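These values consider heavy atoms only, across backbone and side chains, with no hydrogens, waters or symmetry-generated copies. Keep in mind the model is a prediction, meaning the values are calculated, not measured.
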Amino acid sequence: MAALGMIEVYGFATSIVVADAVAKAADVEVVAIDRNKPANADKCEVPLVMVVKFEGDPAAVQAAHDAGVAVAEERGLYITSKINAGLDPQVEWFAHLTATGRDKLRNYTTVDGKRV
């Protein structure tokens, strides 16, 4: 399985800008943009947390991650990020879950551990 990168930011607009930077920085696929309203949303400057998820080979994911984090930090809306070098095929489908619009579970299948 390819590496999975995740960048968590405040705000929908920021997530789109980060996803654009990620996609332009390296040969990765943005697989989902997910949202989460934190419990303390009323106290947050931006009450919506978004996660940009992307996959590719480990070097590409690292380059895309670095570009995405830089954009989020420039805006002052970066929260956290994580790169996973490879998910077990039994849990890989979780990366494609999204609460934003239609989830990818309906179109997600694997053949020998590879997405088709």
Side-chain angles (χ1 to χ4, degrees):
M1 189 240 148
L4 171 70
M6 297 171 283
I7 302 174
E8 191 172 55
V9 298
Y10 288 111
F12 181 77
T14 303
S15 71
I16 298 300
V17 172
V18 167
D20 183 55
V22 161
K24 289 176 178 173
D27 185 21
V28 297
E29 178 185 1
V30 176
V31 295
I33 298 177
D34 203 1
R35 67 178 165 79
N36 179 31
K37 184 175 180 181
N40 65 342
D42 295 338
K43 297 178 182 170
C44 294
E45 185 176 333
V46 181
L48 185 64
V49 172
M50 303 294 293
V51 180
V52 179
K53 303 174 190 177
F54 48 98
E55 291 180 335
D57 71 68
V61 168
Q62 183 66 58
H65 167 272
D66 294 348
V69 167
V71 167
E73 286 177 335
E74 285 173 12
R75 295 170 151 268
L77 297 171
Y78 171 76
I79 300 171
T80 190
S81 61
K82 174 71 176 154
I83 295 175
N84 189 310
L87 296 175
D88 185 288
Q90 294 181 30
V91 296
E92 182 179 355
W93 65 276
F94 280 112
H96 299 263
L97 285 175
T98 176
T100 306
R102 184 175 63 95
D103 68 53
K104 296 219 174 188
L105 276 180
R106 294 183 203 119
N107 297 322
Y108 187 78
T109 58
T110 60
V111 173
D112 297 326
K114 297 193 187 218
R115 186 173 163 197
V116 293

**Request:** In sequence, state the C-alpha distance, the side-chain angles, and the governing distance for Leu4 and Phe54, and then conclude on side chain to side chain contact (heavy atoms under 4.5 Å, CB included).
**Result:** CA-CA 6 Å; Leu4 171 70; Phe54 48 98; over 6 Å; no
**Request:** Might you confirm whether atom CG of Asp27 has over 12 heavy atoms from other residues, nucleotides or ligands at distances under 6.0 Å?
**Result:** no
**Prompt:** salt bridge (Lys or Arg N to Asp or Glu O under 4.0 Å): which pairs involve residues 8-23, sequence neighbours left out?
**Reply:** Asp20-Lys24
**Request:** Locate the shortest heavy-atom distance separating Val71 from Ala21; write the atom from each residue and the value.
**Result:** CG2-CB, 3.6 Å
**Request:** Any pair with a residue in residues 67-79 that passes side chain to side chain donor-acceptor pair (under 3.5 Å), sequence neighbours left out, goes on the list, sorted by first then second residue, please.
**Result:** Tyr78-Ser81
**Request:** Taking side chain to side chain donor-acceptor pair (under 3.5 Å) as the test, write out the residues that go with Asp66, two or more places apart.
**Result:** Gln62
**Item:** Spatial distance of atom CE (Met6) from atom CD (Glu55) [nearest 0.5 Å]
**Value:** 10.5 Å
**Request:** Would you name the heavy atoms of Asp57 and Ala2 that are closest together and state the gap between them?
**Result:** N-CB, 4.5 Å
**Item:** Over all atoms of both residues, closest heavy-atom pair of Gly68 and Val22
**Value:** CA-CG2, 4.0 Å
**Request:** Under the side chain to side chain contact (heavy atoms under 4.5 Å, CB included) rule, what do Met50 and Thr14 come out as? Steps first, then yes or no, please.
**Result:** CA-CA 8 Å; Met50 303 294 293; Thr14 303; over 6 Å; no
**Message:** Nearest 0.5 angstrom please: Thr80 OG1 to Ile7 CD1, how far?
**Reply:** 10.0 Å
**Request:** Output all residues satisfying side chain to side chain contact (heavy atoms under 4.5 Å, CB included) with Ala26, sequence neighbours left out; order by chain, then residue number.
**Result:** Val28, Ala60, Ala63, Ala64
**Request:** Kindly give the heavy-atom pair with the smallest separation between Ala72 and Val9, and that separation in Å.
**Result:** CB-CG1, 3.6 Å
**Asked** Are the side chains of Val18 and Leu77 in touch, meaning some heavy atoms are under 4.5 Å apart?
**Response** no
